[in-house]
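Please read the structure below before turning to the comments.
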Amino acid sequence: MSDKIDALLRQVQRPARYVGGEYNQVVKDRADVDVRFAFCFPDTYEIGMSNLGMKILYGLMNEMPGVWCERAFAPWDDMAARLREENIPLWALESGDPLEEFDIIGFSLGYEMAYTTVLDMLDLGGVPVRSSDRPGLKNLVVAGGQCICNIEPMADFFDLCFLGEGEEVDIELIELYRTAKREGWTKPEFLRKAAQIEGVYVPSLYDVAYNADGTVASITPRDGAPAKVRKRIIQDFDACYYPTKPVVPSTEIVHDRVSLEVFRSCIRGCRFCQAGQICRPIRNRTPETLIRMAKETLENTGYQELNLSSLSTSDYRPLSELCDGLLDYCEPRGISLSLPSLRADNFSMDIMQRVQRVRKSGLTFAPEAGTQRMRDAINKNVTEEDLLESCRVAFSGGWNGVKLYFMLGLPTETDEDVVGIAELAKKVLWCWKQNAANKSRGVRITVSTSDFIPKPHTPFQWEAKISRDEYLRRVHLLSDALKSARAITYNWHDSDTSVIEAVLARGDRRMGAVIEEVWRQGGRLESWTEFFSMQRWYDALEKCGLDPAFYAFRERPVTELLPWEHMDMGITRRHHEIERERAYASQLTPDCRAQCTGCGAASLLKEGVCRG
């Protein structure tokens, strides 16, 4: 590391974010490498190093001979300013080389508010932000993650995107790139061939036309690109790569522990949940595989906490067997085992007591809505009795705290549903008073609400988001209803970022100019409250001639061609339409194990059958 950078590190917060050198990082001899991949996370080191997807793909790519994958993270504001002042390009941690020296620059996108940070990292690294300004194969900019299911707002900036799971398609793309370099292909030649790989989306090969009213008129593929890009999934998840020797950070991160991915997708079919919809079909790992992975990873890292990761961990059928096997190893070594993503309808006190022998944590449940009618409308498949019984068991077992998560602004929600959240929370408080094993410790009940955002590829993708003023009205309505219960704390999510998130989530290609304008006016790290500016986004939207209400607050007719219509996530459009109709009738749909609903996800599997 140069003396100039060394001096710079003395002037910024948390310099450990920028120096690399961590235990288990991968360093290769440049002479043995013919493809260099910069894996960029558009947020801080502490956030990015907690991301399991980044750990998986970093380890996987570095096992490829001749490929060197390195990491880069968004610098905090102090470092970003110093880099520009000193004209020092953003570098990758392993080698210290600037991003402009890499063949492929990849971004992980799980949140729309990271879009401006993507542009900022490219610019800081000396890479042109627009795909059209990068004519050669060098500095190919790619992206993967949940946001790719509608990446149209970023179409001008990415050369190609990975739709679905990346463990196989990333390798295929890198091998194709290696061939392109060796044989001297042009960038257009490479992109046309890349578009033939299942799961690869090349935005420049699609022409989008608009109607006079601003809606999408047509999406037309060119040069042999598929009319619909079908997402890629891992067929045999039990045999799928898992990094048992991940990089151990040198400074504290958000989730500083081993995360064990138990299964992918979710059996439940909540109508608001994008992750649960786009990750189908469900695929499991066996307890034997998971126990082996956990032991190897704990031994290779020295971590003292193990987290079971999934969208709904308590839906894993052999959970008791898995926990017993893990505890046989963890308990004698003082390693704690945590189970997030618990459901109120299958909460197991027996499992919780066993896994929390080392360290007892709080309980979190997400009823999402306050009344049964509303929970049925969103297909939550949880009753008030389920929640109260789980709380009764927990309180009688010694727990004295519970966090409850809800959403405001869900389709069909009324004031009665909002007040129902307060009534349900009070019933939980009363449940503690009736069943607590130790009342002298008091009780901590926290109610948190977020602003519902209609997301692509869900049954609610056509819905209108409620306005900021309406959200705040409902917040105050709920707050007033909770005032009499002093033991209940109420927290709510700020609505301003939710408005912009909704605009971007359901945006089209015209939104690219807005994103670039926001970035040029200083927008970066927009997921952080201290850097977000609502006015900056509204000014950019006005300058580009776009109305935020058109994207966020407008209910879309089912007949409208949606900007993401050419993205095939495996779930049929008709299934979403039916689920929306059932939502308005407050009708439940059984979970995948109880009854197959024919959503279409089985077509992604070679055997054509979901096993759940």
Side-chain angles (χ1 to χ4, degrees), residues 1-2 20-22 24-41 48 53-73 89-108 118 121-122 124-129 131 133-145 157-162 165-202 204 232 240-241 243 245-247:
M1 190 164 289
S2 69
E22 305 102 322
N24 287 341
Q25 76 166 20
V26 178
V27 176
K28 296 188 178 184
D29 187 336
R30 289 178 178 81
D32 299 327
V33 173
D34 61 351
V35 176
R36 298 189 66 185
F37 191 110
F39 200 134
C40 300
F41 196 89
M54 186 174 197
K55 295 175 185 178
I56 291 172
L57 295 178
Y58 175 86
L60 183 64
M61 284 188 273
N62 277 318
E63 289 198 355
M64 297 177 66
V67 176
W68 187 10
C69 178
E70 303 182 48
R71 297 160 297 138
F73 302 93
L90 180 64
W91 62 85
L93 297 187
E94 282 75 6
S95 65
D97 293 339
L99 297 186
E100 61 187 347
E101 294 189 15
F102 285 79
D103 296 301
I104 305 174
I105 302 166
F107 286 87
S108 176
V118 170
M121 289 182 71
L122 289 173
L124 284 169
V127 180
V129 299
S131 174
D133 294 330
R134 302 186 300 266
L137 275 182
K138 190 71 176 287
N139 294 164
L140 188 78
V141 180
V142 305
F157 312 112
F158 291 125
D159 296 308
L160 59 85
C161 302
F162 302 112
E165 297 163 0
E167 286 95 338
E168 294 174 347
V169 69
D170 281 22
I171 293 175
E172 293 176 20
L173 189 282
I174 289 172
E175 292 295 354
L176 183 69
Y177 183 86
R178 177 178 272 154
T179 301
K181 279 186 65 178
R182 184 175 61 249
E183 298 182 1
W185 297 358
T186 64
K187 182 177 177 179
E189 287 175 323
F190 169 77
L191 292 178
R192 286 195 295 270
K193 288 183 171 64
Q196 302 308 311
I197 299 175
E198 186 176 53
V200 173
Y201 172 49
V202 180
S204 61
R232 193 72 171 267
C240 183
Y241 174 84
K245 198 175 181 181
V247 178

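The basis for the numbers below is simple: all heavy atoms, side chains too, and nothing from hydrogens, waters or symmetry mates. Counting begins at 1 with the first residue of the sequence.
- The CG atom of Asn139 sits 9.0 Å away from atom NZ of Lys187, with the distance rounded to the nearest 0.5 Å.
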TODO: Apply the test side chain to side chain contact (heavy atoms under 4.5 Å, CB included) to residues Val141 and Val118: give CA-CA distance (whole Å), side-chain angles for both, the deciding distance (0.1 Å), then the verdict.
DONE: CA-CA 10 Å; Val141 180; Val118 170; 5.6 Å; no
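- The distance from the CE atom of Met64 to the CD1 atom of Ile174 is 5.0 Å, given to the nearest 0.5 Å.
- A donor-acceptor pair under 3.5 Å links the side-chain atoms of Gln25 to the main chain of Gly21, judged by distance alone.
- Applying the salt bridge (Lys or Arg N to Asp or Glu O under 4.0 Å) rule to Asp133 yields no partners; only residues at least two apart in sequence or on another chain are considered.
- Checked by atom type and distance alone, the side chain of Arg134 never pairs as donor or acceptor with a backbone atom of Leu140 at under 3.5 Å.
- Listed by chain and number, the residues in a side chain to side chain contact (heavy atoms under 4.5 Å, CB included) with Asp32 are Asp29 (sequence neighbours excluded).
- Across every non-hydrogen atom of Leu173 and Ala194, the tightest pair is CD2-CB, 4.0 Å.
- Under the 4.5 Å side-chain criterion, counting only non-hydrogen atoms from C-beta, Leu160 is in contact with Leu191.
- In summary, of the residues considered (Glu165, Glu167, Glu172), a side chain to side chain donor-acceptor pair (under 3.5 Å) with Arg232 occurs for Glu172 alone.
- Here the side chains of Phe107 and Phe158 are in contact, with some heavy-atom distance below 4.5 Å.
- Of the charged side-chain nitrogens involved, none lies within less than 4.0 Å of a carboxylate oxygen, so that Asp34 and Lys181 do not count as a salt-bridged pair.
- Of all non-hydrogen atoms in Arg178 and Pro65, the two that sit nearest each other are NH2-O, 2.9 Å.
- Of the possible polar contacts, one joining the Tyr58 side chain to the Val26 backbone as a donor-acceptor pair under 3.5 Å is found.
- Contact between Ala92 and Phe102 at its shortest, heavy atoms only, is CB-CZ, 3.6 Å.
- Closest heavy-atom contact between Glu22 and Leu93: OE2-CD1, 4.0 Å.
- Crowding of Lys193 atom NZ: a count of heavy atoms from other residues, nucleotides or ligands under 6.0 Å exceeding 12.
- Of all non-hydrogen atoms in Leu99 and Ala38, the two that sit nearest each other are CD2-CB, 4.0 Å.
- At a threshold of 4.5 Å between non-hydrogen side-chain atoms, the residues Glu189 and Glu183 do not count as touching.
- For the pair Lys28 (side chain) and Val67 (backbone), a donor-acceptor distance under 3.5 Å is present.
- Taking the side chain as every heavy atom from C-beta outward, Val200 and Phe162 approach each other to under 4.5 Å.
- Atom SG of Cys40 and atom CG of Leu124 lie 11.0 Å apart (nearest 0.5 Å).
- Arg30 meets the side chain to side chain contact (heavy atoms under 4.5 Å, CB included) test with Arg36, Trp68, Ser95, Asp97; sequence neighbours excluded.
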TODO: Kindly determine whether Leu60 and Asp170 satisfy side chain to side chain contact (heavy atoms under 4.5 Å, CB included), including the steps that lead there.
DONE: CA-CA 9 Å; Leu60 183 64; Asp170 281 22; 5.7 Å; no
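- Side-chain contact between Thr179 and Phe190 is absent, with no heavy-atom pair separated by less than 4.5 Å.
- Atom-to-atom distance recorded for Phe41:CZ and Met54:CE is 7.5 Å, nearest 0.5 angstrom.
- Annotation: the span from Met121 atom CE to Ile105 atom CD1 amounts to 9.5 Å, rounded to 0.5 Å.
- Phe39 has its side chain out of reach of Asn62: every pair of non-hydrogen atoms, C-beta onward, lies at least 4.5 Å apart.
- Between Val35 and Tyr177 the shortest side-chain heavy-atom distance falls below 4.5 Å.
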